[in-house]
Amino acid sequence: MAFPATANSAAVTGNPFGVLRRIFASIGRGIMVVAESNSRLREVQALQAKSDDDLARLGIKRDEIVHRVFSDLYYL
């Protein structure tokens, strides 16, 4: 079975755009791994999983979760 010449042209011809795309995709995957392992992200996810009643008992509105968790890192 023959494959078309364009099936994987970036790898075959060394197309710089294909190479750059793979590099940036790898960097993006690395950033996601770091972000997902961040304890603050886990805290945000835990708060988002709570019911509105639970959040009200904590004195947090749902749209304030991210600001509350990251408030010591930035000022708005």
Quick one: side-chain hydrogen bond (donor to acceptor under 3.5 Å, both in side chains) partners of Asp63, sequence neighbours excluded?
none
Which residues pass the side-chain hydrogen bond (donor to acceptor under 3.5 Å, both in side chains) test with Asp53, not counting sequence neighbours?
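For Asp53, no residue satisfies side-chain hydrogen bond (donor to acceptor under 3.5 Å, both in side chains) once neighbours in sequence are set aside.
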Roughly how far, to the nearest 0.5 Å, is CD of Glu64 from CG of Leu47?
11.5 Å
Is a salt bridge present between Asp72 and Arg40, judged by a nitrogen-to-oxygen distance below 4.0 Å?
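Answer for the salt bridge query: yes.
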Determine, stepwise, if the pair Ile65 / Leu55 fulfils side-chain contact (heavy atoms from CB on, under 4.5 Å).
CA-CA 9 Å; Ile65 291 173; Leu55 290 174; 4.0 Å; yes
Can you see whether Ser26 engages Arg29 through a side-chain donor-acceptor pair at a distance of less than 3.5 angstrom?
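Distance-only check passes for Ser26 and Arg29.
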List the steps, then state whether side-chain contact (heavy atoms from CB on, under 4.5 Å) holds for Ile27 with Ile23.
CA-CA 6 Å; Ile27 292 170; Ile23 290 170; 4.0 Å; yes
Return the minimal non-hydrogen interatomic distance between Lys50 and Asp54, and the atom names on each side.
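Nearest pair, atom of Lys50 first, then Asp54: CB-CB, 4.0 Å.
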State, to 0.1 Å, how close Arg62 and Gln48 come at their nearest heavy-atom pair, and which atoms those are.
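Smallest heavy-atom distance, with atoms named: NH1-O, 3.0 Å.
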